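Contents: one structure, followed by commentary.
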2 protein chains.
Amino acid sequence: MTRTDTTGTRPRLGRKRDHARDPEILEATLDILAETGYEGMTIDMVAARAKAGKATVYRRWASKPELILDAVACMKSSEVDFTSPPSTGTLRGDLVAMVKSPTLREGERKLKVMAGIVSMIARDPELAAAARAAIVEPRAQANLIIFQRAIDRGEIPGDADVETLCTISPALVAYRVLMLGIPVDREYLIATIDKIVLPAAGWQPPRL
Amino acid sequence: MTRTDTTGTRPRLGRKRDHARDPEILEATLDILAETGYEGMTIDMVAARAKAGKATVYRRWASKPELILDAVACMKSSEVDFTSPPSTGTLRGDLVAMVKSPTLREGERKLKVMAGIVSMIARDPELAAAARAAIVEPRAQANLIIFQRAIDRGEIPGDADVETLCTISPALVAYRVLMLGIPVDREYLIATIDKIVLPAAGWQPPRL
DNA sequence: TCTATACGGTACTGACTAGTTCCGGATACC
DNA sequence: GGTATCCGGAACTAGTCAGTACCGTATAGA
């Protein structure tokens with residue numbers, strides 16, 4: 001990524017860089033980012049949170065923007081895997097199965113990070129791309145697969161606007177958390193699925 | 001508001017303060033806020049944009065946070081009036097009538113201001129309240145009235161989740177602009193009304 | 001063992017900014 | 001006309017922070 005590249009140079013002498021510190025520093029960066037936002041975050045805060053020296057941070061990333069870019073990009077590979085969303089046999093079952101506690105927690109953190117960098121997104125295309133790839137796209141992709149399966153099963157019309165359907169849930173969650181300041185819980189998400197997403201998709205329970 | 005209060009003191013001598021400058025400074029503040037965000041904004045930028053001296057700004061507002069709070073709060077009274085939304089006789093007609101160019105432009109600016117202060121909202125309850133009162137609530141109220149009329153007319157079921165229905169459009173717009181970086185146009189909004197909002201509301205055209 | 005580099009930590013530099021003060025000129029009340 | 005306050009503008013103060021340099025210590029290869 002943007003991380004300072006040392007590979008390819010001559011085999012260096014002296015103590016080896018402890019790459020186990022990399023993810024710790026990146027995680028600390030995301031924590032501080034979520035708490036204080038882009039401008040509010042200082043490298044000293046990150047170093048202190050990661051119990052590292054400031055020089056240790058600058059040995060790996062050349063500047064604050066590069067550290068943040070890398071931290072945001074690394075959110076992409078998270079503990080929750082969105083590439084193979086649950087398959088329960090029904091659209092409603094799949095959507096409800098997406099509402100799990102770890103997914104919720106991770107989503108909330110990603111949203112807070114997003115809130116911290118939103119104002120930069122309009123001015124830094126590279127950061128914008130990283131944020132979308134890490135935060136927005138995984139969920140959208142998972143929803144896309146779920147809706148495509150529903151179309152293949154004949155649960156919803158083939159001409160449904162899947163693109164927009166995929167964004168309803170993430171958009172409502174983001175709006176609720178960032179604009180209204182209300183945390184989302186399982187109950188709200190399931191109510192959203194039943195009252196908004198499924199009706200908008202033109203869904204009928206497969207068996208009466 | 002938080003503006004430095006000079007009323008109630010003795011009738012002061014000397015040149016009067018030119019209160020025509022107040023809205024100009026507040027507008028400049030909102031412009032800079034939308035362009036650079038909360039932390040990126042400096043009082044010098046605001047003064048330069050308003051063609052005012054920095055002292056002129058500090059004579060009216062005691063600090064940067066108070067200036068921003070006041071500027072955000074003053075967005076509430078905008079040129080577009082949401083208190084009496086259009087009444088066309090049908091739910092779809094009312095919703096479509098809300099999609100007007102001035103409304104769109106104002107909404108986009110408000111969203112950019114919101115993007116500039118989102119990261120502060122979690123840490124400054126007063127600013128959060130002002131932002132919600134100025135940006136979120138007017139639109140929500142207008143939608144609420146429109147949906148209530150639709151219920152009264154029998155266009156949509158009386159037990160519809162109006163609260164959530166009201167937030168669909170604003171949430172999708174915010175998501176599209178802030179997260180995806182795609183500007184909204186009339187076409188997208190009307191497609192959203194027809195494909196998402198009305199189906200979710202359980203709406204049927206009043207006459208076949 | 002020697003050397004080069006890593007580590008956590010501290011101190012420093014240069015740039016920037018919130019907020020204050022003062023200037024010369026304008027304006028409104030006495 | 002005198003005086004107190006306004007105006008735009010510029011200079012100044014104090015504090016913060018990105019980025020650099022250096023400390024003593026730790027560790028890996030020669």
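A quick note: this is a predicted structure, and the numbers were derived from the prediction, not measured. Chain identifiers are assigned alphabetically (A, B, ...) following the order of the sequence lines, protein sequences preceding nucleic acid strands; residue numbering begins at 1 within each chain.
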* Starting at CZ of A:R17 and ending at C1' of D:dG29, how long is that distance when rounded to a whole Å? -> 17 Å
Can you give the donor-acceptor pairs under 3.5 Å from side chains of residues 176-194 of chain B to other protein atoms, not counting sequence neighbours?
from	atom 1	to	atom 2	distance (Å)
B:D185	OD1	B:Y188	N	3.0
B:R186	NH1	B:V99	O	2.7
B:T192	OG1	B:Y188	O	2.8
B:D194	OD1	B:R92	NE	2.6
B:D194	OD2	B:R92	NH2	2.9

* salt bridge (charged side-chain N to carboxylate O under 4.0 Å, His left out) contacts in which one or both residues fall within residues 160-174 of chain B, not counting sequence neighbours -> A:K195-B:D161
May I have the list of side-chain donor-acceptor pairs in residues 41-57 of chain B shorter than 3.5 Å, sequence neighbours left out?
from	atom 1	to	atom 2	distance (Å)
B:T42	OG1	B:M45	N	3.1
B:D44	OD2	B:K54	NZ	3.4
B:R49	NH1	B:E35	OE2	3.3
B:R49	NH2	B:E35	OE1	3.0
B:R49	NH2	B:E35	OE2	3.3

* **Set of residues satisfying side-chain hydrogen bond (donor to acceptor under 3.5 Å, both in side chains) with respect to B:D81, sequence neighbours excluded** => B:T83
* Using side-chain hydrogen bond (donor to acceptor under 3.5 Å, both in side chains) as the criterion, list what pairs up with A:K110, not counting sequence neighbours. => A:E106
* Structure fact -> With sequence neighbours left out, the residues meeting side-chain hydrogen bond (donor to acceptor under 3.5 Å, both in side chains) with A:R149 are A:D94
Show the distances under 3.5 angstrom between N or O atoms of the protein and N or O atoms of nucleotides 15-20 of chain D.
from	atom 1	to	atom 2	distance (Å)
D:dA18	OP1	A:M41	O	3.2
D:dA18	OP1	A:K64	NZ	3.2
D:dA18	OP2	A:I43	N	3.3
D:dG19	OP2	A:Y58	OH	3.0
D:dG19	OP2	A:K64	N	2.9
D:dG19	N7	A:K54	NZ	3.0
D:dG19	O6	A:K54	NZ	2.7

* Measure the distance from CZ on B:R59 to C1' on C:dT21 and round it to the nearest whole Å. => 11 Å
* Between P of C:dA6 and CD1 of A:I25, the distance in whole Å -> 13 Å
* Given atom CZ of A:R49 and atom P of C:dG8, what is their separation to the nearest angstrom? -> 16 Å
* Within 6.0 angstrom of B:K112 NZ, more than 12 heavy atoms from elsewhere -> no
What pairs of nitrogen or oxygen atoms, one from the protein and one from nucleotides 28-30 of chain C, lie under 3.5 Å apart?
from	atom 1	to	atom 2	distance (Å)
C:dC29	OP1	B:K16	NZ	2.7

* With sequence neighbours excluded, residues passing side chain to side chain contact (heavy atoms under 4.5 Å, CB included) with A:A122 -> none
